[in-house]
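One structure is given here, and the rest of the page talks about it.
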Amino acid sequence: MNPGDSRGFFGGDPATNPLYDDETDVSLLDTTLRDGEQAPGISLTPDEKADIARALDRARVDVIEAGSACTGEGERRTIKQVTDLDLDATITSFARGVQNDIDLALDCDVDGVTIVVPGSDRHIETKVNTTREEVIADTAELVEYARDHGLWTEVIGEDGSRADLEFLEELMATAFDAGATRVCYADTVGHAGPERSYEIVSTLAEYGPVSAHTHDDLGMGLTNALASVAAGADLVHGTVNGLGERAGNVAIEEVAIALDHSYGIETVDTTQLYSLGQAVAQATGVQLPPNKAVTGENAFTHESGIHTDGTLKDDRMYEPYPPEKVGRERRIVLGKHTGRAGARAALEEHGVEVDDEELTRVVKRIKEIGDRGKRVTDADLLAIAEDVKGTDRERRVEVLDLTAASGGGIPTASVRLRVDDEERVASGTGSGPVDAAVTAVREAIGQVANVSLDSYEVDAITGGTDAVVTVEVEMSRGDHSVTVAKSDTDITSASVSAMVDAMDRLLTVPGEEPEVLADD
Ligand SMILES: CC(=O)SCCNC(=O)CCNC(=O)[C@H](O)C(C)(C)COP(=O)(O)OP(=O)(O)OC[C@H]1O[C@@H](n2cnc3c(N)ncnc32)[C@H](O)[C@@H]1OP(=O)(O)O
């Protein structure tokens, strides 16, 4: 725990502030499947929701808001698929402040409901066209109804950060009197600063358990979540990857790691956070920015010479916590900012030894590629090293011919490869021409199919239908892996050529006897 001089920053007496007490019990409510899915363009299938719910449960998230039963038939089937999983987590549905929404949630067999009632006058008068008095009366009735039906019941005062605090206090006190399990402070439009969050949550916490639901419109979702915990909130709402309305909700992986790292408060199994983020990015199609905290591609990747050198000397030099803590590995990559230590380490990983003068030339060539704005892959590095050392290397695998057809029938591809002195021909089918070609290449390589494709990324470097695309693959065989990038206007050719180059590199490890490939 390392709060340092920040004790008391969020307000209150540092001696009694729950944020500075590592015995504090904080749980997470994940609303990726509800608020996360409300982000424009996202719609998860029942199977995708079920997979994400299982992953959240594995990470030991306490409450999973599975959706809004009021949305329609399809959504109710989806929520039911999640409740049928019989997970350890409490499964809830969103409900507006109307009884029918609670009935629809009950039809999905949820354990609980988050009942959202208008909190600010703007929502009361302009949106729902009602009065403060009616909201209070309706809330009491709905909470009693939900509790009578055995539901875990949280009342969210929508737009709470812009509400009149005296009214919000009365509303939430009524909810508790009616039997609510908990109430929730909602910074619905991400408007609050931490002082306002602290003021509201500490007021409501006088009456019973309080949750915090914060959005990131001002980039303060996490700050407000922490201020809420400091003020006594014991359940924090968030979404995986920070998906959600507009600028999104606070990201649960950021809440979990901030509470753990900075305040010693454990919430979930943090080693699951990276795979959770990947699963949600894949299902939603919303890719993470590389610099995203915790789960972004670059969060534990080092390129610049000074950082790489420092990290090679002490792996905590440029990282706040080890990548394994969130289920990741550290990566050293090469580019314009590479120095000698990083280049030598990368070469050693591929079994290539260089003397000091050769290393100087290798670094110069890496920087030249970097200066052209390009990434430097393992294949680039190995080609540079061969050139600098004057070593001749014979390719073992080469593409002689490739045809792929799609449109109409099942996508098919055939390839003719030279593997050592032999020609091998194979064909394959797949979900598209690239997939078919990849299947054909694997078939042709035969018994070295134990080469695995660990990552495959496509970038369009120019626009338009004749765009040049770059395919970058990372492939491995045993504990040896290589990255290769290839550019072409034809994505199938770029993919096959990158994969074949990677396989070729993996079949010959510098410094090791080439393995003889048997016929299959
Ligand atoms: C803070 C949040 O994230 S809010 C959650 C947002 N989630 C969703 O909207 C879920 C998906 N929504 C839907 O599928 C649809 O909006 C439905 C099925 C819920 C309702 O559809 P419709 O009946 O066509 O209503 P519509 O979407 O046009 O307007 C929303 C209605 O909900 C009412 N409403 C909004 N908030 C509340 C509330 N907290 N309590 C009660 N009623 C509310 C509005 O007043 C409006 O009612 P009105 O038509 O009588 O004015």
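As the structure is a computational prediction, the values presented were derived from the model and not from experiment. All ligand and atom numbering here is 1-based and tracks the order in the structure.
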Does the protein put any heavy atom within less than 4.0 Å of [atom]?
{"atom": "atom 15 (C) of ligand 1", "value": "no"}
{"atom": "atom 47 (O) of ligand 1", "value": "no"}
{"atom": "atom 22 (P) of ligand 1", "value": "no"}
{"atom": "atom 29 (O) of ligand 1", "value": "no"}

- prompt: Which is closest to atom 18 (C) of ligand 1 in terms of heavy atoms, G119, G157, C70?
  reply: C70
- request: With atom 37 (C) of ligand 1 as the reference point, say which of T114, V98, N249, V128 has the nearest heavy atom.
  value: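 Answer by nearest heavy atom: V128.
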I'd like to check whether [X] has a polar contact with ligand 1, where a contact means an N/O of the residue lying under 3.5 Å from an N/O of the ligand.
{"X": "Q38", "value": "yes"}
{"X": "E245", "value": "no"}
{"X": "V116", "value": "yes"}
{"X": "G97", "value": "yes"}
{"X": "K127", "value": "yes"}

Do me a favour and list the nearest non-hydrogen protein atom to [atom] with residue, atom name and distance?
{"atom": "atom 2 (C) of ligand 1", "value": "R34 NH1, 3.7 Å"}
{"atom": "atom 34 (N) of ligand 1", "value": "R96 CD, 3.7 Å"}
{"atom": "atom 1 (C) of ligand 1", "value": "E158 OE2, 3.2 Å"}
{"atom": "atom 5 (C) of ligand 1", "value": "F94 CZ, 3.4 Å"}
{"atom": "atom 12 (N) of ligand 1", "value": "T71 OG1, 4.3 Å"}

field: Verdict with supporting geometry, H237 and E154, side chain to side chain donor-acceptor pair (under 3.5 Å)
entry: CA-CA 12 Å; H237 292 202; E154 180 179 84; 2.9 Å; yes
statement: T188 and H215 have their tightest heavy-atom pair at O-CD2, 3.4 Å
- request: Return the minimal non-hydrogen interatomic distance between V434 and T492, and the atom names on each side.
  value: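 Heavy atoms of V434 and T492 come nearest at CG2-OG1, 4.0 Å.
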task: Report yes or no: is the cationic atom of R328 (NZ for Lys, CZ for Arg) under 6.0 Å from the centre of the six-membered ring of F300, at an angle within 45° of the ring normal?
output: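 Here R328 fails the 6.0 Å and 45° test against F300.
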message: Looking at R132 and D164, is any side-chain nitrogen of the basic one under 4.0 Å from a carboxylate oxygen of the acidic one?
response: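 So D164 pairs with R132 through a salt bridge.
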field: Donor-acceptor under 3.5 Å (T32 side chain, G36 main chain)
entry: no
field: Donor-acceptor under 3.5 Å (D260 side chain, T267 main chain)
entry: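 No: the side chain of D260 does not pair with the backbone of T267.
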- prompt: What do you reckon, does E75 put a non-hydrogen atom under 4.0 Å from ligand 1?
  reply: no
- request: Please lay out, stage by stage, how D101 and V98 fare under the test side chain to side chain contact (heavy atoms under 4.5 Å, CB included).
  value: CA-CA 6 Å; D101 283 15; V98 291; 3.4 Å; yes
message: Before you tell me yes or no, could you show the steps for E199 and R196 under salt bridge (charged side-chain N to carboxylate O under 4.0 Å, His left out), namely the whole-Å CA-CA distance, both residues' side-chain angles and the distance that decides it to 0.1 Å?
response: CA-CA 5 Å; E199 182 192 21; R196 177 75 175 149; 3.1 Å; yes
query: Does H302 have any ring pair (Phe, Tyr, Trp, His ring centres under 6.0 Å) partners at least two apart in sequence or in another chain, and if so, which?
result: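 Partners of H302 by the ring pair (Phe, Tyr, Trp, His ring centres under 6.0 Å) criterion come out as none, since no residue qualifies.
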